[in-house]
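Worksheet: the structure to be examined is printed underneath.
Values below: all heavy atoms of this structure, side chains included; hydrogens, waters and symmetry mates excluded. One is the number of the first residue; the rest follow in order along the sequence.
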Amino acid sequence: MRLVEKGRFGQSQLDSQLRSPDQVSKIRARAQAGSARDEFLMGYACTNGLGQPQSLSQALAWYLKAANQGEPAAITELGRMYVRGIGVSQDYEKGLEWLRRAAADGYAPAQTDLGLLYFQGLGVAPDYESAVRWWEKAARDNYAPAQSNLGVAYLNGMGVPRDPARAVQLFRNAADAGLDTAQFDLASCYETGQGVPQDFGVAAEWYRKAAQQGDPGAQNNLASMYQSGRGVPADAVRALRLFLLAAENGNMKAAVNLANTFHLGIGVKADSELSCMWLQVASAAGGDLGQSPQKQCSEISDHQLNRAREQAWQWRAQHHLEVDPSKETSTVSRGFASR
């Protein structure tokens, strides 16, 4: 299960208001005339480089103007900037001050972010009960990220009694609203039979919805289902494409699965060098690849091993993923990785 952390739900609606220079020009004129909502939109445009060059300092100035007029979205963005250290020095105290202000005014995104800080113990002592209280407030406004996070709390019994059925209901509400994280979590519940009868077919459908939104975890898990024929017809080619897409989107479990795919020759010609290359890709992320020794990198020549390493670093660089040549692969689990 995964918490919603980015606070970007509804981003497409904001982006649609700032697609053209003409739209931005009109919003700027209204903002300069003192419209708080348009001051917020200008801050958002400057943050994301929409219709103009990105400028975090200008974004901060616009958000402050709007916040001084009580615009809750701007107050929330100021809190996020301080919490994350975006455009300002990271300062949890200031971030919490801004978020609490918007949350107290009933603004669901701020309530959700504040709950997340309590849940994770960022800037405050970890307090699951307080996190749940803030998420409950936002969930009553049908704010999907709060519903999804609350579902995680109920599924794991953190701050509330464990209630998988209630978790599924919350995930479903948020998933129906289009939140990819909730779609992933709902799929996971169906795949594992938590809170609902196990149903691989329904799990695959929800993974597909999240995957179509670019969720790399869902892309990886859906690929695993196609590879094994669970809930969908077995399709090695589609599985390979989804594993590749998930890896390109930064999911290193997919890279491990690609290594196993080429090692075992599932739908492809077995290739120990390619298998080793994908293990090198995954290990460069620093993740735990398992404890069971594998043959992928030990059964090839030193020349092939060096070539696999070089190809791995090149692949990560081409896909703008962090490259750390100090990390090497020696082990990986034989089982296919999910989530």
Side-chain angles (χ1 to χ4, degrees), residues 1-13 15 112 135 138-139 142-156 162-258 260-261 266-268 335-339:
M1 298 299 110
R2 300 176 305 172
L3 294 169
V4 184
E5 298 189 16
K6 296 183 180 179
R8 306 312 298 170
F9 186 68
Q11 181 177 1
S12 60
Q13 291 90 330
D15 291 349
T112 304
W135 289 339
N142 293 316
Y143 187 57
Q147 293 173 326
S148 186
N149 287 355
L150 195 57
V152 172
Y154 274 104
L155 190 67
N156 295 284
R162 188 172 185 274
D163 188 340
R166 173 66 172 148
V168 167
Q169 180 185 13
L170 288 160
F171 290 145
R172 191 184 307 280
N173 290 343
D176 286 338
L179 184 65
D180 64 317
T181 308
Q183 292 169 345
F184 176 95
D185 286 344
L186 183 58
S188 296
C189 286
Y190 274 104
E191 184 181 9
T192 58
Q194 295 188 78
V196 289
Q198 189 176 54
D199 190 323
F200 293 139
V202 175
E205 282 302 310
W206 282 111
Y207 280 139
R208 183 176 291 106
K209 289 177 185 292
Q212 288 170 345
Q213 294 199 67
D215 186 295
Q219 291 162 350
N220 173 68
N221 287 12
L222 184 59
S224 293
M225 299 190 85
Y226 273 113
Q227 193 165 66
S228 61
R230 288 180 300 122
V232 291
D235 189 330
V237 173
R238 184 170 292 183
L240 183 63
R241 289 174 178 169
L242 283 165
F243 280 142
L244 286 168
L245 182 60
E248 289 168 1
N249 287 330
N251 187 287
M252 291 301 100
K253 297 291 181 65
V256 175
N257 286 337
L258 284 165
N260 284 327
T261 295
I266 303 175
V268 294
F336 286 91
S338 64
R339 288 175 286 283

For the backbone of L155 and the side chain of R162, can you confirm whether one donor and one acceptor N or O come within less than 3.5 Å of each other? yes
On a heavy-atom basis, which atom in A175 and which in Q183 lie closest, and how many Å separate them? O-NE2, 3.3 Å
Report yes if the side chains of T261 and Q227 come closer than 4.5 Å at any heavy-atom pair, otherwise no. yes
Does some side-chain heavy atom of F171 sit less than 4.5 Å from a side-chain heavy atom of V152? yes
For Q169 and R166, which I'm curious about, is there any donor-acceptor pair between the side chains at under 3.5 Å? yes
If I compare all heavy atoms of L222 with all of A204, which pair ends up nearest, and what's the gap? CD1-O, 3.7 Å
Is there side-chain contact between R208 and V232, with heavy atoms separated by less than 4.5 Å? yes
Do other residues, nucleotides or ligands put more than 12 heavy atoms under 6.0 Å from the CZ atom of R241? no
What distance separates D185 CG from T181 OG1, expressed to the nearest 0.5 Å? 7.0 Å
Shortest non-hydrogen pair, G267 vs A236, comes out as CA-CB, 3.6 Å
In the structure I gave you, are the side-chain heavy atoms of L240 and L258 within less than 4.5 Å of one another anywhere? yes
Whether W135 side chain and T112 backbone form a donor-acceptor pair below 3.5 Å: yes
Please find the pair of heavy atoms, one from F243 and one from A254, that lie closest to each other, and give the distance. O-CB, 3.5 Å
Rounded to the nearest 0.5 Å, how far does CH2 of W206 lie from CZ of R172? 7.0 Å
Can you confirm whether or not the ring centre of F200 sits under 6.0 Å from the ring centre of Y190? no
Determine the sole option in N220, L186, N221 for which the side chain to side chain contact (heavy atoms under 4.5 Å, CB included) test with Y207 is passed. N221
Minimum heavy-atom distance A146-A138, with the two atoms named: CB-CB, 3.4 Å
Using distance alone, with no hydrogens and no angle criterion, decide if Q219 and N251 have a side-chain donor and acceptor under 3.5 Å apart. no
Q213 side chain vs G178 backbone, donor-acceptor pair below 3.5 Å: yes
State, to 0.1 Å, how close A174 and A182 come at their nearest heavy-atom pair, and which atoms those are. CB-CB, 3.4 Å
Counting only N and O atoms by type, is there a donor-acceptor contact under 3.5 Å from the side chain of S228 to the main-chain atoms of S224? yes
Once you round to the nearest 0.5 Å, how far does CD of E191 lie from CG of D199? 11.0 Å
Rounded distance (nearest 0.5 Å) linking atom CG of L150 with atom OH of Y143: 14.0 Å
